[in-house]
Number of protein chains: 2
Amino acid sequence: MSATSPTIRQRGRPSGFDRQTALEAAMRSFWAEGFEAASIDRLCRAMNMPRASLYQLFGDKQGLFMSALDRYGETRVSRVIAALGPVGSLAEDLSAFFDEVIHLATSDRGTPGCLISCVLADAAGTNPVFTAELDRRFTAMEHRIEERLLLARWPVDAKISASAVAGMIASVARGMTLKARSGQTADELLPIARTALMAVTRLADHIEK
Amino acid sequence: MSATSPTIRQRGRPSGFDRQTALEAAMRSFWAEGFEAASIDRLCRAMNMPRASLYQLFGDKQGLFMSALDRYGETRVSRVIAALGPVGSLAEDLSAFFDEVIHLATSDRGTPGCLISCVLADAAGTNPVFTAELDRRFTAMEHRIEERLLLARWPVDAKISASAVAGMIASVARGMTLKARSGQTADELLPIARTALMAVTRLADHIEK
DNA sequence: TAATTTTCAGAACACTCGTTCTTTAAATTG
DNA sequence: CAATTTAAAGAACGAGTGTTCTGAAAATTA
C-alpha cells in the first residue's frame, strides 16, 4: 500500500454518503421529474446527502444538474456510443446502437426517455448555459456516428454527406426516446429502429457522387 | 343580423382581453420557458388577463397548459399536417412536411423547438395526464403520416410496414425540433430533412413483401 | 337613476422554492 | 483527554409559488 493512497482517512467527521451513489440518485431524480420540478428537498433525500454538503460539492442546483449530466454521459450515453464499435459491419453496429438507445429509454419505468433529449432540451429553452450544453452533447453524438460512417468508407464527397446521415440517425434515435417518454415499450420502438437501419442501408447502397 | 348572434353583448362589465390572443400568449410562454418554469404571474402579464379570469376560464395551470396545447395543435401542428396533402407526389409532400417542421421549430427565436416534443415531453415524466396527452398527440401525427403513405400505395403487407415508416418519419421530425432547441438554424436542419426524404424514397423503391 | 351583473386589480394565503446559517455530532491529531 | 476538523441535522430566510378572496369599476337592464 502506498503512503499517498487515495483511501487515506480525512481529518474530521467522515461523510455518510457516497458521491457516486448520490450523483446517480440525483441523475435519476432529474431524469424522472425534470430540472425545475425536481426540488432540492427531494434531491437531498434521494441522494442521502445534507443540504450543506450538496451546496459545498456542487455550488447550486444548476451545478448539480450539470454533474448529473456528466454522470449520465459516462454511465449511459457511453454504452450507446460503445455500441457503434467498430465491432461488426456498419449495419450490425447501427443495429446495436439502436438497441442500446431503446434499452436506455425504456428499461427503467421510473426514468422513461432520455435525460438529454427530454429534460435538458426543455430547460434549454431560456437558460443559455443549458442551450450550449445541449448543443455540445448533441454535436458530440453526431460526430461519433459520422466517424463510424466514414470508417465504413462513406464517400466524403457523396451527395448525401456522412454528417447529414449522422444527423438523421441521431434524430431518429432522439425521436425514439421521446416516444419512450410517452409510455411506449421497447417492442413498440423496435420497428422504427429496423426501418431507420434499412433506410440507411439502402442509402449506402446507392450513393451518388 | 340574427337575434341569437354570437356577438350579443354580455350583461356585466366587458372583459378587457381577447381569449384567442391570451391563449396565444400563454402558449408562447410555455413554449419558451417550459411548463414548470412558466409562472402564473408572468403568464397573466403576457396574456393581459387578471388571475381571477384565468382561473375561472381554465381551472388551473394544468388546464391552461392543455388549452395552450390545443391552440398549438390548431394553429401550428395543423400546418405541418396540411403539408402532407395530398398535394403533389409522396416525395413532394414529405418535403413540404419537413419544411413546415423546420419552419415551426426555427422561425421564432423566442420559441425554439416544439411545444410538444420539448416541453410536454419533459412534463410527461411524472404527470400521467401529460403522459397520456403526449401519447395521444404523437399517435395522431403518426396516423396522418401513415395515411399519406398508404395513399401513395405503400403495400399494406410490406416487410417494412407503412406504420413503421411513419414512426420513423415522425421520429426524424421530432429529433429535428430537439436540435432546433439547441440553437440550430433552418439551414442546418435542412440536410437532415433531405437525407430522411431520400432514405424514405429509396425504401419505397425497394419494398419487399 | 337605481339595481344588477360581470370583470378588474391586487391583497392575502398557505406553501414551497433555492439557499444560507447555526448548532451539534463524530472523527483525527497531539 | 483536550483541541481541531469535518459533516450532519435542521432551523431560518426572503422570495416566489399556485390559488383564493375582497372590494372597487364598468357595463347592462329596468
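Quick caveat, the model's predicted, so the values are computed rather than measured. Here is how names work: the chains are called A, B, and so on, in the same order as the sequence lines, proteins then strands, and each is numbered from 1.
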* Asked: Rounded to the Å, how far apart are Leu54(B) CG and dT20(D) P?
  -> 11 Å
* Are more than 12 heavy atoms from other residues, nucleotides or ligands located less than 6.0 Å from atom CZ of Arg194(A)? -> no
* Asked: So, Thr185(B) and Glu188(B): side-chain donor and acceptor under 3.5 Å apart, yes or no?
  -> yes
* To do: Output yes when Lys179(A) and Asp135(B) qualify as a salt bridge under the 4.0 Å nitrogen-oxygen rule, no when they do not.
  => no
* State which of dG10(D), dG18(D), dC8(C) makes the closest approach to the side chain of Tyr55(B). => dG18(D)
* Whole angstrom is fine here: how far is it from CG in Asn48(A) over to C1' in dA7(D)? => 13 Å
* Answer with base, sugar-phosphate or nothing: what part of the nucleic acid does Ala37(A) contact at a heavy-atom distance below 4.0 Å? => nothing
* Structure fact -> Taken to the nearest whole Å, CE/Met49(A) to P/dG18(C) is 16 Å
* Taking atom P of dC15(C) as reference, at what distance in whole Å does atom CG of Asp41(A) sit? -> 15 Å
* Nearest-neighbour nucleotide for the Ser53(A) side chain, dT17(D), dG10(D), dA7(D) considered -> dA7(D)
* Asked: Relative to the ring of Phe30(B), is the ring of Phe35(B) parallel (under 30°), tilted (30 to 60°) or perpendicular (over 60°)?
  -> parallel
* Asked: Of the nucleotides dT20(C), dG18(C), dT19(D), which one has an atom closest to the side chain of Ser39(A)?
  -> dG18(C)
* Decide, yes or no, whether a salt bridge links Arg137(B) with Asp70(B) under the criterion of side-chain N to carboxylate O below 4.0 Å. => yes
* To do: Output the single nucleotide from dC17(C), dA12(C), dT28(D) whose closest atom is nearest the side chain of Arg11(B).
  => dT28(D)
* To do: From the options dT19(D), dA8(D), dT7(C), select the nucleotide whose nearest atom is closest to the side chain of Ile40(B).
  => dT19(D)
* Asked: What's the closest nucleotide to the Lys61(B) side chain, out of dC17(C), dG18(D), dA8(D)?
  -> dG18(D)
* Atom CE of Met47(B) to atom P of dT7(C): distance rounded to whole Å? -> 14 Å
* Among dT17(D), dC8(C), dT7(C), which is the nearest nucleotide to the side chain of Gln56(B)? -> dT7(C)
* Grab the CZ-C1' distance between Arg51(A) and dG18(C) for me, whole Å please. => 9 Å
* Separation of dT19(D) C1' from Leu43(B) CG (nearest whole Å) -> 14 Å
* Selected nucleotide, minimal atom distance to Arg42(B) side chain, candidates dA9(C), dT17(D), dT19(D) -> dT17(D)
* How close or far is atom P of dA7(D) from atom CG of Leu57(A), stated in whole angstroms? -> 8 Å
